[in-house]
Amino acid sequence: MTSSQADAARLTLALNELRLPAIKALWPRFTQQADKEGWPAARLLATLVEHELAERDRRRIERHLAQARLLPGKTLDTFDFAAVPMLSKAHVNAITAGDSWIGKGSNILLFGPPGVGKSHIGSAIGLALVENGYRVLFSRTTDLVHKLQQARRDLALESAIAKLDKFHLLVLDDITYVTKDQAETSVLFELISARYERRSMLITANQPFGEWNSIFPDPAMTLAAVDRLVHHATIFEMNVESYRRRAAQNAVGQSRHQKTGSQPQKKGD
């Protein structure tokens, strides 16, 4: 083995030990380029380190995306902002930076009837935040509540809620589908209380606050939960016609026109 080969073998072992896979993969190409172009040593080292950091960022985002359990295909680019004029695209894009509200434990509340895109926009905001370095968990509220109920039965509720602290944002989808059950709503209330002014939540709801007594049977609990959620919150009301209903009506209309061979009637005709 030549001296050069021995140095390469030692470097490979050292990079394995230091867990620097990007530098291990790239150093032969970049050292060859550096020798050919006469790079200063500092430039070569900086280039290799920058690639290692970029690879670490990529792997971290990949890992956090897997943990986030976001809805597939739901991005800000695929959301039809024109169909929800009261929802500002610029405002939503500003929210995805996260720095003005995540650190304060502020919340986002999305209200509107079924089918207007609340889950889509909630998941899309979560995706953008993950890409910006935050940790997010998306869950149907009923699913998460059932897990917390099981944790309470196992005498591990406090630990289960504490584990959720690793997520900067907890997206609770369809909160108003939680059944009116004292054991269930009490764990939900404990989750809201535990995250208050510490960790952020994004909640989607089909019903306004006035109907939340169907979630929390105790009026005092309802008032306390709402008070904690809105204290530091951005609220969006998406009161438009259901996208799914419009899509279904359009599909039916097109099918009828195709069968009859007629053209859709224009307004004013």
Side-chain angles (χ1 to χ4, degrees), residues 11-30 45-79 92-108 110 117-148 150-151 154 156-175 187 191-192 194-195 198-204:
L11 179 57
T12 297
L13 290 173
L15 293 173
N16 281 335
E17 184 70 20
L18 291 170
R19 298 180 182 178
L20 299 172
I23 293 179
K24 176 187 171 184
L26 295 173
W27 76 262
R29 174 162 65 90
F30 281 114
L45 183 59
T47 300
L48 289 171
V49 170
E50 287 167 1
H51 278 79
E52 184 65 47
L53 290 174
E55 177 61 16
R56 286 190 179 187
D57 284 343
R58 186 195 66 78
R59 292 199 307 270
R60 185 182 67 254
I61 290 173
E62 188 177 78
R63 184 172 65 255
H64 290 173
L65 281 175
Q67 295 173 345
R69 302 174 187 173
L70 299 167
L71 300 176
K74 304 302 184 182
T75 69
L76 293 178
D77 288 338
T78 60
F79 186 80
V92 172
N93 282 330
I95 282 173
T96 61
D99 52 1
S100 64
W101 61 284
I102 287 282
K104 301 174 183 177
S106 300
N107 303 315
I108 296 175
L110 299 171
K118 300 186 302 297
S119 300
H120 184 149
I121 201 70
S123 187
I125 289 173
L127 173 61
L129 286 169
V130 171
E131 292 174 342
N132 283 332
Y134 294 96
R135 300 188 70 177
V136 174
L137 176 65
F138 182 101
S139 176
R140 288 192 305 176
T141 309
T142 51
D143 291 344
L144 186 59
V145 163
H146 289 157
K147 291 178 181 178
L148 293 177
Q150 183 59 53
D154 295 339
L157 179 60
E158 185 176 346
S159 175
I161 291 177
K163 287 180 180 178
L164 294 173
D165 267 4
K166 69 181 181 181
F167 297 105
H168 299 96
L169 178 68
L170 188 58
V171 181
L172 295 184
D173 196 31
D174 294 328
I175 193 172
V187 296
L191 175 65
I192 292 171
R195 294 183 72 88
R198 296 178 52 255
R199 288 298 198 191
S200 296
M201 304 177 78
L202 185 155
I203 291 176
T204 74

Contact summary for Asp99 and Tyr134, nearest pair of heavy atoms: N-OH, 3.5 Å
Could you measure the distance from the CG atom of Leu18 to the CG atom of Leu11? Nearest 0.5 Å is fine. 9.5 Å
Do any N or O atoms from the side chain of Ser159 and from the backbone of Ala156 form a donor-acceptor pair under 3.5 angstrom? no
Over 12 non-hydrogen atoms of neighbours within 6.0 angstrom of CZ in Arg199: yes
Without swapping roles, check the side chain of Thr141 against the backbone of Asp173 for a donor-acceptor pair under 3.5 Å. yes
If you apply the rule side chain to side chain contact (heavy atoms under 4.5 Å, CB included), what do you find for Ile121 with Lys74, and how did you get there? CA-CA 7 Å; Ile121 201 70; Lys74 304 302 184 182; over 6 Å; no
Tell me, with the steps shown, if Leu65 and Val136 meet side chain to side chain contact (heavy atoms under 4.5 Å, CB included). CA-CA 8 Å; Leu65 281 175; Val136 174; over 6 Å; no
Are Leu164 and Arg195 packed together at the side-chain level, in the sense that at least one heavy-atom pair is separated by less than 4.5 angstrom? yes
Do Arg58 and Glu55 meet the salt-bridge criterion of a basic N to acidic O distance under 4.0 Å? yes
Between Leu137 and Arg69, is a side chain to side chain contact (heavy atoms under 4.5 Å, CB included) present by the stated rule, with each step listed? CA-CA 6 Å; Leu137 176 65; Arg69 302 174 187 173; 4.1 Å; yes
To the nearest 0.5 Å, atom CG of Asp57 lies from atom CD of Glu52 at 10.5 Å
So, taking the atom named CG in Leu170 and the one named CG in Asp165, what distance separates them when rounded to the nearest 0.5 Å? 10.0 Å
Using every non-hydrogen atom in the two residues, find where Met201 and Asn107 come nearest and quote the distance to one decimal. N-OD1, 2.9 Å
Side-chain contact test, heavy atoms from C-beta onward, threshold under 4.5 Å: evaluate it for Ile23 versus His51 and give yes or no. no
Gap between atom CG of Leu76 and atom OG of Ser123 - 0.5 Å precision: 9.5 Å
Mind telling me whether Phe79 and His120 have parallel, tilted or perpendicular rings, with 30° and 60° as the class edges? perpendicular
Minimum heavy-atom distance between Gly122 and Leu202, given as atom pair plus value: CA-CD2, 3.9 Å
Pair Trp101-Leu169, side chain to side chain contact (heavy atoms under 4.5 Å, CB included): steps then yes or no: CA-CA 10 Å; Trp101 61 284; Leu169 178 68; 4.0 Å; yes
Okay, side chain of Trp27, backbone of Leu48: is any donor-acceptor separation there less than 3.5 Å? no
What is the minimum heavy-atom distance between Gly98 and Leu129, and which atoms define it? CA-CD2, 3.8 Å
Between Ser106 and Ser200, which heavy-atom pair has the shortest distance, and what is it? O-OG, 2.6 Å
When you measure from the side chain of Thr204 to the backbone N and O of Asp174, does any donor-acceptor pair fall under 3.5 Å? yes
Quick check for you: to the nearest 0.5 Å, what is the distance between Leu13 atom CG and Glu17 atom CD? 9.0 Å
For Arg56 and Arg19, work out which heavy atoms get closest and say how close. NH2-O, 3.7 Å
Would you say Thr78's side chain and Gly73's backbone share a donor-acceptor pair under 3.5 angstrom? yes
For Phe167, is the NZ or CZ atom of Arg135 found under 6.0 angstrom from the centre of its six-membered ring and inside 45 degrees of the ring axis? yes
Decide yes or no for Val187 and Leu191: does some side-chain heavy atom of the first lie under 4.5 Å from some side-chain heavy atom of the second? no
Drop me the distance from Leu71's CG to Leu127's CG, to the nearest 0.5 angstrom. 10.5 Å
Might you confirm whether atom CD of Gln150 has over 12 heavy atoms from other residues, nucleotides or ligands at distances under 6.0 Å? yes
